[in-house]
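Below, each value reflects all heavy atoms present in this structure, side chains not excepted, and no hydrogens, waters or symmetry copies. None of these values were measured; they are calculated from a predicted model.
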Amino acid sequence: MTAPTTAPTMKAAPASARQPLGRPLQAYLACARMEFRAALTYRTAYLSSFAMMLLQIWLLTVVWKALYDGRAEVDGLGLTTMTAYATLTTLQYQLVSPWRSSPIDQRVREGKVAVDLLRPVGFPGQMLAGQLGWASAAVPVLLVALPFALLIGAGQAPASTAAGLAYPVALLGALLVNQLLGLLLGMVSFWTLEVSGALMAYRFVAQFFSGALVPLWFMPGPIRVAAEWLPFQATAYTPAAVYLGQIEGPGIAVALGVQLAWIAALGALSAFVWSRARRRVMSQGG
């Protein structure tokens, strides 16, 4: 269903005329703070999502223990490493992929895009900052849930000093890749008001091919090749594999480089899609 958005006729001034240097960063931080506070108002949804997270960790731990069936290793991987992987990917996926990917569809339906376009910073930047603010609201609850998650599942220290240093960088890369994917998905609403169906399909595909449920090293050859060519593996598998030492040495730099390449590619694609989506915003009165 095509649903162009309406906005009042108003031409935006050039960025240099609208704001002094340093103001864009403050504006983006304000967008992030607003979404952070909004996320915390949905306490029931957040608590439910974390309850489901703990349940998922428990179920994955039970499944992997059953699959190992008393064996110390499978394909060179110990049960402790596997349950630690399941725990880590579930925890970090809760951070990088919150239950609401983007506010764009809601703002398009309610006509609030008109207000967003009058702000002194670009629309995609506002939405991306807001998404990051919303995702950051998971941090306090994750810290509370962490001991329970480790009790239900398993945890272990980084495989090496290099792994410990590279993991936060990989986790940041995972967050940015996932938020850019969410931004692209949200901009679909400029062509159709309803994105819930696309969101459900996206979540299933993204969670599977990210390695959040099954590590890439256990996937059959063709599926693993497909997963390695998609951006989703950069959101779950890469940080966890770096942390647990499954990616090490020069492979760490390669993995981080792949994340950076996806960030650049998705950022360019987002700019292109927005250049088309903004044409869907119709002006009233002329």
- Under the ring pair (Phe, Tyr, Trp, His ring centres under 6.0 Å) test, residues paired with Phe148 that sit two or more places apart: none

- Can you list the residues that meet the ring pair (Phe, Tyr, Trp, His ring centres under 6.0 Å) rule with Phe209, with sequence neighbours excluded? none

Quick one: does [X]'s side chain get under 4.5 Å of [Y]'s, heavy atoms only?
| X | Y | result |
| --- | --- | --- |
| Trp217 | Tyr237 | yes |
| Gln233 | Trp262 | yes |
| Val273 | Phe190 | no |
| Leu60 | Thr90 | yes |
| Pro215 | Met82 | yes |
| Ser189 | Arg109 | no |

Do you reckon [X] sits in the same ILVMFWY cluster as [Y], going by side-chain contacts under 4.5 Å, direct or chained?
| X | Y | value |
| --- | --- | --- |
| Trp134 | Met34 | no |
| Leu143 | Met52 | yes |
| Phe204 | Leu199 | yes |
| Val139 | Val169 | yes |
| Leu269 | Leu260 | no |

Any idea which heavy atoms bring [X] and [Y] closest together, and the distance?
| X | Y | value |
| --- | --- | --- |
| Tyr28 | Gly122 | OH-N, 3.9 Å |
| Pro239 | Ala234 | CD-O, 3.9 Å |
| Pro140 | Ser136 | CD-O, 3.7 Å |
| Thr238 | Ile247 | O-CD1, 4.4 Å |
| Thr81 | Leu77 | CG2-CD2, 4.5 Å |
| Ala137 | Phe36 | CA-CE1, 3.4 Å |

Distance, nearest 0.5 Å, that separates [atom1] of [X] from [atom2] of [Y]:
| X | Y | atom1 | atom2 | value |
| --- | --- | --- | --- | --- |
| Leu128 | Ser270 | CG | OG | 8.0 Å |
| Leu180 | Thr235 | CG | OG1 | 12.0 Å |
| Gln207 | Gln56 | CD | CD | 5.0 Å |
| Ile252 | Leu165 | CD1 | CG | 9.0 Å |

- Aromatic ring pairing Tyr68/Trp64, orientation class (parallel under 30°, perpendicular over 60°, tilted between): perpendicular

- Quick one: sort the Trp274 and Phe123 rings into parallel, tilted or perpendicular, breaks at 30° and 60°. parallel

Quick one: list whatever passes side chain to side chain donor-acceptor pair (under 3.5 Å) with [X], sequence neighbours left out.
| X | value |
| --- | --- |
| Gln259 | none |
| Gln246 | none |
| Tyr167 | Gln92 |

- Steps toward side chain to side chain contact (heavy atoms under 4.5 Å, CB included) verdict (Val96, Tyr93): CA-CA 5 Å; Val96 305; Tyr93 202 73; 4.2 Å; yes

- Message: For a side chain to side chain contact (heavy atoms under 4.5 Å, CB included) check, start with the C-alpha distance between Met127 and Asp116, then their side-chain angles and the critical distance, and finish with the verdict.
- Response: CA-CA 9 Å; Met127 297 299 105; Asp116 298 328; 3.9 Å; yes

- side-chain contact (heavy atoms from CB on, under 4.5 Å) with Leu59: of Ile57, Leu55, Thr61, only one passes, and it is Leu55

Could you tell me whether the side chain of [X] and the main chain of [Y] form a donor-acceptor pair under 3.5 Å?
| X | Y | value |
| --- | --- | --- |
| Gln126 | Val121 | yes |
| Gln131 | Pro103 | no |
| Thr87 | Leu150 | no |
| Thr83 | Thr80 | yes |

- Mind jotting down which residue pairs meet the salt bridge (charged side-chain N to carboxylate O under 4.0 Å, His left out) criterion with at least one end in residues 226-250? Sequence neighbours excluded, please. Arg224-Glu228

- Item | side chain to side chain contact (heavy atoms under 4.5 Å, CB included) evaluation trace for Leu88 with Gln156 | CA-CA 9 Å; Leu88 184 59; Gln156 64 183 57; over 6 Å; no

- Task: Apply side chain to side chain contact (heavy atoms under 4.5 Å, CB included) to Tyr202 and Leu181, showing your working.
- Result: CA-CA 10 Å; Tyr202 166 80; Leu181 288 168; 3.3 Å; yes

